[in-house]
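Within every chain, numbering begins at 1; the chains are lettered A, B, ... in the order of the sequence lines, protein sequences first and strands thereafter.
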There are 2 protein chains.
Amino acid sequence: MAYVSVFDTQMMSRAIQLARKGLYTTRPNPCVGCVLVQNGQIIGEGYHQVAGQGHAEVNALAHAAANGHKTEGATAYVTLEPCSHYGRTPPCALGLINAKVARVVIAVKDANPQVAGNGINMLRDAGIQVDVGLLESEAFELNLGFMKRMRTGFPWVTVKVAASLDGKTALNNGESKWITGATARDDVQKMRARHCALITGVETILADDPSLNVRYEQLGSLKSSLLPSSLHQPLRVVLDSKARLTSSFKLFNIQSPILLVSTRDYSDEVKCSFAQHVSLLRVNANSQGRVCLTELLQHLGVSCNSVMIEAGATLSGSFIEQNLADELVLYQADKIMGSEGRDMLLLPNYQTMDMIPKIVLKDKRNVGQDTRLIFRLG
Amino acid sequence: MAYVSVFDTQMMSRAIQLARKGLYTTRPNPCVGCVLVQNGQIIGEGYHQVAGQGHAEVNALAHAAANGHKTEGATAYVTLEPCSHYGRTPPCALGLINAKVARVVIAVKDANPQVAGNGINMLRDAGIQVDVGLLESEAFELNLGFMKRMRTGFPWVTVKVAASLDGKTALNNGESKWITGATARDDVQKMRARHCALITGVETILADDPSLNVRYEQLGSLKSSLLPSSLHQPLRVVLDSKARLTSSFKLFNIQSPILLVSTRDYSDEVKCSFAQHVSLLRVNANSQGRVCLTELLQHLGVSCNSVMIEAGATLSGSFIEQNLADELVLYQADKIMGSEGRDMLLLPNYQTMDMIPKIVLKDKRNVGQDTRLIFRLG
């Protein structure tokens, strides 16, 4: 990366701040922010809000134009490499070239193989100075799911667990209301709202009959910036390997997409009873007769940047054991539930300390009376 | 409590700071600090350092005298009610009366039934103004063990556990080196050095053969204020209900007191093999044939203010289950050890959430790469 100034960093920080506004709405597109600067003054700002609508650069150029600012010779700060391909919108690199900007500062290269440096090349070929890598890791973190999906075809996988200090998610008889407090439970609602899909197991449906949707009224401070109509309900994915579900459960009452994943067909009768918002996916069984998680994630990776596992110890443990999880989010309550309680993650009988899962703390904070810990796995 | 000023609070804070210097050395006496003030100036300071030597008030009066200060009309700030009885030293209340101080400010009343208000009465009878209760809870916290022992005859009981995020203290095969990092392990050394006794079970001795002593070189920053010769080794208590121990274990090699607690006698041969620093205590068995913990604590309460449980899940769990523990100190490592690992506390199969142990967070901080959480039980 070429020399950048404190001013450059300030402008890119602002662009990242703008990009973050799309966190709940851009999927499956990435969050992107853009700031246009002329003679040390911001003349336009934009971010990508909803897939299919204007990209950040287009919005920033329109903002500048609307206020009568000339963009010739300006500098554009973009959190992600401008696109170079015709999708639902024309290439942003072309937009910046046509706007005659003199310099483009990019935080991070696009992992989308259709872009991946082509946007940068287009700009350079047009004689524009391009500096890449300013606040790269901050910009990358904004789009972990999109970046992983573009690179590997798999979504970013987050395992969410709420447990006591002694690692239990329920008493032996299943009683668990409530381990964590209302603030933590509302925080989970926000997490759900950011994810493209939620995955749970049929056992959870049979035992708790949850709706697994995002409840707008529980989004707290987020409500001031997110309209009910802008809220995306995540795809609800239920692993039902033996096709045991029927349409009598609560989650089917909510009219947002559901994907039932099984290793065998549902009976015609049950199939007909499912409403239109329910899709069925048949995948191969693994050696234990369960849904092959790799196959499932590959399927979801076509359209989902990120999936959140809200399941029992067996399914959650499987994602970790099979090295398919990228992140573990643990809501920990200041409670001791006792050795007879239910373990949070079913994992193998490790023989040495170097066999245990590798986790690295990314964030730790109080959420109401509980603690939220975010770990990266790998 | 009568009206106190900001100045009074500052002086009492200083007295508490002085008292804290005795934290590792005064036992079984309490930590006490004293500040003498004449015309708004500190003229003497003292704290109780070692049982049998000068009390805080005596040391402060001596300090003032050594610097040629008159104590007539002065104010004394004392963290604990001055004693009124002749012990190894004459009553401190009398010392203050003889020094002709005009006012005594006391943080907390002594729970010692030999004092318990008598010191205050002595001072008031001599015409001295006495104000009680300034920074009372801070002063009380300094001497939790002493206060509990004086009031109930039982020592303060702290259960210490080092566990992973999923509440495991070892892998299934017992492997546990190391769950927590060196900083946390050094912190445990400091905890040991503050306690009158450590309690463990014979299973821990048989499995790990620990020395259970305080290693001066691991005391870190404490070494600058604590000489090796001032370090008290805590009494090492091993619960060996079936009298299975022999003198071949490592803890016997260290020449500091050991108490072996059993429900039956050791063979004469084994008994003779124990060195002089080993004492034996026979107690009644409970219904499971184990050492009766109440009887044990009553015995220890004669001379111990505080005991620390460093044991396996069964013994540690028993102290909590039987409501005998006052505090839980949990060193938590950012690790997941898996559902096959060993649980941290063996506790009953609770049927409802309101049956789980009541714990209240007192302190939470990073200790190296780990987190130390302190809870009060009850």
Original post:
Which atoms form the tightest heavy-atom contact between Tyr350(B) and Met337(A), and what is the distance?
Top reply: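 Residues Tyr350(B) and Met337(A), closest heavy atoms: CD1-O, 3.3 Å.
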Original post:
Which bit of Lys358(A) is near chain B, if near means a heavy-atom gap under 4.5 Å: side chain, backbone, both or neither?
Top reply: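 No part of Lys358(A) comes within 4.5 Å of chain B.
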Subject >> Contacting region of Met353(A) [heavy-atom separation from chain B under 4.5 Å] >> reply: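 Its backbone and side chain both get close to chain B.
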With a 4.5 Å heavy-atom cut-off (strictly below), which parts of [range] touch chain A? List them by number.
range: residues 326-336 of chain B; answer: Leu328(B), Leu330(B), Gln332(B), Asp334(B), Lys335(B), Ile336(B)
range: residues 307-316 of chain B; answer: none
range: residues 364-378 of chain B; answer: Lys364(B), Asn366(B), Thr371(B), Leu373(B), Phe375(B)

Original post:
Measuring from Lys177(A):NZ to Thr352(B):OG1, what's the distance to the nearest 0.5 Å?
Top reply: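 If I round to the nearest 0.5 Å, the distance is 15.0 Å.
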**OP:** For chain B, find which of Ile179(A), Ile356(A), Val161(A) contributes the most heavy-atom pairs closer than 4.5 angstrom.
**Re:**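 So the answer, after comparing Ile179(A), Ile356(A), Val161(A), is Ile356(A).
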Subject >> Side-chain (Ser339(B)) to main-chain (Asp343(A)) donor-acceptor, under 3.5 angstrom >> reply: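 No, Ser339(B) side chain to Asp343(A) backbone: no donor-acceptor pair under 3.5 Å.
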Original post:
Is the backbone N or O of Gln351(B) less than 3.5 Å from a side-chain atom of Asn173(A), with the two atoms forming a donor-acceptor pair by type?
Top reply: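 Side chain of Asn173(A) to backbone of Gln351(B): a pair is present.
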Original post:
So which of Leu345(B), Leu171(B), Val360(B) has the biggest tally of heavy-atom pairs under 4.5 Å with chain A?
Top reply: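 Greatest number of close heavy-atom pairs with chain A: Leu171(B).
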Subject >> Top of Leu346(B), Leu361(B), Leu347(B) for chain A proximity - count of heavy-atom pairs under 4.5 angstrom >> reply: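 Of the candidates given, the most pairs with chain A belong to Leu347(B).
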**OP:** Spell out the residues in residues 192-199 of chain A that have some non-hydrogen atom less than 4.5 Å away from a non-hydrogen atom of chain B, in order of number; otherwise answer 'none'.
**Re:**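 Contacts with chain B: none.
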Original post:
Is it the case that more than 12 heavy atoms not belonging to Arg290(B) sit under 6.0 Å from its CZ atom?
Top reply: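 Check fails, neighbour count at 12 or below.
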